[in-house]
Amino acid sequence: LRRMSAEDWARVLGGDRPTLVRHVRSAAHHGFRAAQVTWGQMLLDGRDVPRDRAAALLWFGKAAATGSPDGLNMVGRCHEVGWGTPVDHPEALRWFGRAAERGSDWGWYNLGCMRLYGEGVAPDPVAAVAAFEAAAAAGNAKAMGLLGRCREEGWGAPADPAAALAWYRRGAEAGDCWSQANLASLLGAAGDRDGWLAWLRRSLETGTANFLDALAAELRPSPDPDVAAIGAAALARAEAARPDAGPAPRPMGARLLRRFRPG
């Protein structure tokens with residue numbers, strides 16, 4: 001395994017799934033921390049192997065013990081959501097903090113979400129904005145979108161519509177579905193119908209089931225047939241994207257999705 005070149009790994013990753021499973025499992029058992037996180041994620045998702053959340057946490061913990069930022073972040077997620085362990089938000093916050101200290105953009109993002117929404121800890125919007133800024137600086141698109149919402153609503157920083165629009169656009173262009181939908185809403189409110197519909201349609205391509213559910217609930221009742229059609233498409237995609245009892249995303253729903261209104 002240690003002698004494998006990048007080309008060797010590319011062939012493995014692009015090959016058949018049973019071969020991929022064998023190599024990832026073997027690399028994890030031989031102490032490759034990136035493989036340990038990947039193996040843990042496969043166990044968590046039940047992807048190509050039976051789902052085992054307790055075992056997933058064990059493998060995330062092995063990676064975390066070596067200082068892996070991704071391992072530290074995923075241990076935090078397990079404590080936050082209750083994957084393989086009871087829900088413990090203060091413990092999750094501690095792990096996210098360790099991941100952030102190691103430079104994990106997801107650690108910063110998750111830390112910011114817990115601070116913003118007060119998940120088991122006292123809400124601290126100012127600290128949340130600082131965490132999202134650190135995550136965004138590392139390229140995290142979801143953090144960009146949340147900075148847009150914070151600047152729009154005045155959460156933890158002065159309300160600034162221009163800054164909100166700029167952050168939504170950055171997140172949207174980086175592929176975040178929430179940013180794409182919120183950018184669409186602002187464009188629609190400004191009378192840019194083409195931009196409004198274009199970004200709504202683009203958000204369907206990147207949306208998770210959680211996002212698509214929220215988008216469908218918002219758009220399907222619209223009297224505008226184009227918008228209602230996008231809502232119907234969102235609902236259909238949500239059903240197709242919904243994982244089979246797999247790990248659920250953070251259920252933010254309408255807290256991230258601003259109200260849509262026609263231009």
Side-chain angles (χ1 to χ4, degrees), residues 73 76 80 89-90 92-94 96-200 202-203 206-208 210-211 214-215 217-219 249-263:
N73 176 65
E80 180 192 10
H89 286 145
L93 192 71
R94 186 175 73 85
F96 291 148
R98 291 180 62 189
E101 289 171 359
R102 289 274 181 169
S104 167
D105 61 310
W106 286 110
W108 281 116
Y109 170 79
N110 289 321
L111 197 64
C113 288
M114 294 194 76
R115 289 298 191 193
L116 181 62
Y117 298 119
E119 294 180 347
V121 296
D124 188 340
V126 173
V129 167
F132 292 143
E133 288 175 341
N140 190 291
K142 289 188 177 296
M144 295 173 191
L146 270 171
L147 282 171
R149 194 66 195 274
C150 288
R151 297 313 299 268
E152 182 180 8
E153 302 290 348
W155 297 338
D160 184 335
L165 181 66
W167 278 115
Y168 283 149
R169 189 174 294 280
R170 284 185 61 183
E173 291 172 349
D176 175 46
C177 54
W178 299 99
S179 298
Q180 290 165 349
N182 288 331
L183 174 62
S185 181
L186 290 184
L187 293 176
D192 182 356
R193 180 179 176 81
D194 290 342
W196 182 36
L197 295 177
W199 279 109
L200 284 179
R202 188 165 169 182
S203 74
T206 58
T208 61
N210 185 45
F211 164 80
L215 191 68
E218 188 68 35
L219 300 187
R250 180 177 281 103
M252 293 176 182
R255 290 186 290 180
L256 288 187
L257 192 65
R258 74 187 310 280
R259 299 295 297 178
F260 283 82
R261 50 188 182 271

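Since the structure is predicted, the reported quantities are computational estimates derived from the model, not experimental observations. Computation of the quantities below employed the complete heavy-atom set of this structure, encompassing side-chain atoms and omitting hydrogens, waters and symmetry-equivalent molecules.
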Which atom of Ala92 lies closest to which atom of Glu80, heavy atoms considered: CB-N, 3.6 Å
Test log, rule side-chain contact (heavy atoms from CB on, under 4.5 Å), inputs Tyr109 and Asp105: CA-CA 6 Å; Tyr109 170 79; Asp105 61 310; over 6 Å; no
side-chain contact (heavy atoms from CB on, under 4.5 Å) evaluation trace for Leu187 with Trp199: CA-CA 9 Å; Leu187 293 176; Trp199 279 109; 3.6 Å; yes
Residue pair Arg202 / Ala172: nearest heavy atoms and the distance that separates them: NH2-O, 4.4 Å
Exercise: identify the closest heavy-atom pair between His89 and Met114: O-CE, 3.4 Å
Between CG on residue Leu215 and SG on residue Cys177, distance to nearest 0.5 Å: 9.0 Å
Output field: ring centroids Trp108/Phe132 closer than 6.0 Å: no
Donor-acceptor contact below 3.5 Å, side chain Asn182 vs main chain Trp178: yes
Test item: Trp155 and Leu116 side chains (from C-beta on) under 4.5 Å apart, heavy atoms: yes
Derivation and outcome, side-chain contact (heavy atoms from CB on, under 4.5 Å), residues Asn73 and Arg102: CA-CA 10 Å; Asn73 176 65; Arg102 289 274 181 169; over 6 Å; no
Test item: Arg193 side-chain N/O and Gly188 main-chain N/O as donor-acceptor pair under 3.5 Å: no
Gln180-Tyr168 side chain donor-acceptor pair, cut-off 3.5 Å: no
Test item: Leu186 and Glu152 side chains (from C-beta on) under 4.5 Å apart, heavy atoms: yes
Pairwise distance CZ(Phe211) to OG1(Thr208) - rounded to 0.5 angstrom: 7.5 Å
Nearest heavy-atom neighbours spanning Ser179 and Gly145: OG-CA, 3.0 Å
Closest heavy-atom pair and its distance - Ala181, Ser203: N-CB, 4.3 Å
Test item: Leu183 and Glu173 side chains (from C-beta on) under 4.5 Å apart, heavy atoms: no
Worked check of side-chain contact (heavy atoms from CB on, under 4.5 Å) between Leu200 and Ser185: CA-CA 8 Å; Leu200 284 179; Ser185 181; over 6 Å; no
Minimum heavy-atom distance between Ala100 and Leu111, given as atom pair plus value: CB-CD2, 4.4 Å
Set of residues satisfying side chain to side chain donor-acceptor pair (under 3.5 Å) with respect to Arg94, sequence neighbours excluded: Glu91
Lys142 with Asp176: basic N within carboxylate O range, under 4.0 Å: yes
